[in-house]
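All ligand and atom numbering here is 1-based and tracks the order in the structure.
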Amino acid sequence: MNQKIEKVCVIGLGYVGLPTAAVIASRGLKVTGVDTNGTAVDLINQGKVHIVEPDLDILVNGAVARGLLNAVGAPEEADAFIIAVPTPFTDGHKPDLRHLEKAARDIAPVLRKGNLVVIESTSPVGTTDTFSQWLSEQRSDLSFPHQSGHDADIQIAHSPERVLPGSVLLEMVRNDRVVGGITAHCAQRAAELYDLFVDGECHLTDARTAELVKLSENAYRDVNIAFANELSLVCDKLDIDVWDVVDLANRHPRVNILNPGPGVGGHCIAVDPWFIVDSAPDETPLIQAARKINDGKPAHIANRVREAADELGSPAIACLGLSYKANIDDLRESPAIEVVKHIAAWKDSLLVVEPNVSGLPESLRETGGIKQVPLEEALEAADILVLLVDHKEFHTIKASSLDGKTVVDTRGVWREI
Ligand code: SAJ
């Protein structure tokens with residue numbers, strides 16, 4: 001029997017879970033969000049948000065005010081569960097599934113016959129089956145699709161999130177979704193859930209294919225950015241402007257080179273390719289090489305800054321931007337932070353500007369000698385300006401503010417001014 005979906009429980013209220021919960025609530029369904037972060041739970045219940053994402057505050061505020069969204073510390077009974085917890089990697093680049101395992105343990109006691117469980121967290125191939133096994137270990141009174149197939153009491157699917165931070169609310173509704181079930185019935189049930197709020201098409205497949213599709217999307221982007229980053233190393237060596245090369249090469253009808261930068265950050269593109277490598281280490285030399293190129297870029301940028309500093313004697317240096325990309329507050333795996341750390345290893349005092357966060361992250365506070373300052377103060381004080389993130393605030397800097405300064409522009413923002 002298919003249960004009508006009227007109440008949804010979303011586990012994990014981060015960059016994906018909270019927007020998902022708010023969008024579903026905005027369609028009139030009752031949504032309970034679950035998070036272990038008590039501050040986030042309190043803020044959400046006051047109609048506020050703990051992350052920077054355009055328009056999310058308005059949506060959450062409206063949903064809470066209408067009584068359709070609330071946040072709690074532990075899962076409650078619902079018709080459908082969406083799992084949106086982090087899946088990071090360990091030091092040895094192995095997938096770390098601890099949060100998913102905890103989510104399974106946490107929802108198991110409240111599961112009822114007819115429930116749907118969808119994993120949105122990016123996962124190594126095989127994880128959806130493993131999740132089903134974890135649940136069955138806790139609930140021997142229910143049947144699960146990895147054992148009982150079509151007739152299982154609980155339906156389980158993987159529908160990886162594909163939203164781009166900075167455009168999450170738009171992409172969550174507009175993008176096509178890949179919906180992979182442990183059985184075809186699981187996929188159909190999950191598609192019914194997404195049909196409630198997704199305008200894009202739902203493409204049904206099996207769970208293992210859906211897992212690899214998501215990992216492939218991010219590995220594909222990583223490889224393409226690595227090409228641009230490798231090209232930037234070539235251009236630095238040959239003293240050619242890489243942005244000119246990219247612009248002109250992209251005039252070819254079948255060439256579309258991405259933008260070089262200080263490296264690749266975030267919790268997705270810098271992480272997910274490793275899940276493919278872990279499953280097939282001997283088959284992935286290209287994916288591994290891309291990771292190496294992108295991870296090596298911060299050290300290369302820091303070396304360029306060092307060469308500039310050596311020429312000037314004892315210059316004041318300011319680094320602009322810390323987040324992993326423009327106009328967000330997300331610092332996870334940020335290459336900008338790696339560049340700052342590299343520079344701080346040989347420079348006693350360093351200024352940084354980050355308009356989207358109110359304090360330095362702990363990894364930089366520990367280093368000592370790094371001071372967060374407003375943009376104007378950095379422009380005034382610095383002899384060397386290192387542009388690490390193309391935040392909107394840095395686009396509008398006047399050419400006169402850069403006069404007489406050495407500029408290391410890793411994003412090509414100031415080449416036109
Ligand atoms: N970057 C470059 N040059 C580029 C593009 C990006 O250096 O031309 C850098 C960015 O500055 C950043 C990193 O790459 O440090 C990743 O940024 P991104 O904008 O490419 O992607 P994410 O990590 O914010 O989001 C990605 C998206 N995946 C793809 O575009 C294939 C998004 O759709 C996924 O939902 C998200 O990963 C995720 O959660 O998996």
What is the closest protein heavy atom to [atom], and at what distance does it sit?
atom                    : result
atom 20 (O) of ligand 1 : R221 NE, 2.5 Å
atom 11 (O) of ligand 1 : R411 NH1, 2.8 Å
atom 19 (O) of ligand 1 : K325 NZ, 2.9 Å
atom 3 (N) of ligand 1  : N259 O, 2.7 Å
atom 25 (O) of ligand 1 : L164 CD1, 3.6 Å
atom 21 (O) of ligand 1 : I269 CD1, 3.6 Å
atom 12 (C) of ligand 1 : Y324 O, 3.4 Å
atom 32 (C) of ligand 1 : V163 O, 3.5 Å

More than 12 heavy atoms from other groups under 6.0 Å of CG on D348: no
R162, H158, K214 screened by side-chain hydrogen bond (donor to acceptor under 3.5 Å, both in side chains) with T122, the one that passes: K214
Are [X] and [Y] within salt-bridge range, i.e. N to O under 4.0 Å?
X    : Y    : answer
R208 : E211 : no
R291 : D222 : yes
D330 : R332 : yes
K30  : E76  : no

Atom indices of ligand 1 within 4.0 angstrom of E217 heavy atoms, with elements: 31 (C)
Subset of ligand 1 atoms that lie under 4.0 Å from at least one heavy atom of P165: 24 (O), 25 (O)
Polar contact flag for G265 and ligand 1 (N/O pairs, less than 3.5 Å): yes
Distance-only N or O hit between ligand 1 and T122, under 3.5 Å: no
Sub-4.0 Å heavy-atom approach of E333 to ligand 1: no
For ligand 1, the portion of I225 having any non-hydrogen atom under 4.0 Å away: side chain
Proximity to ligand 1 by part of K297, non-hydrogen separation under 4.0 Å: neither
Nearest-0.5 Å distance that lies between atom CG in L322 and atom NE2 in H391: 7.5 Å
Polar side-chain atom of E161 near backbone of V163 as donor-acceptor pair, under 3.5 Å: yes
Side-chain donor or acceptor of D272 paired with backbone N/O of N218 under 3.5 Å: no
Selected option - heavy-atom contact closest to atom 36 (C) of ligand 1, from S232, G321, A326, C268: C268
Option nearest atom 40 (O) of ligand 1 (shortest heavy-atom distance, choices H267, R162, R332, K214): K214
With sequence neighbours excluded, residues passing salt bridge (Lys or Arg N to Asp or Glu O under 4.0 Å) with E77: R112
Counterpart residues, salt bridge (Lys or Arg N to Asp or Glu O under 4.0 Å), relative to D241 (two or more places apart): R415
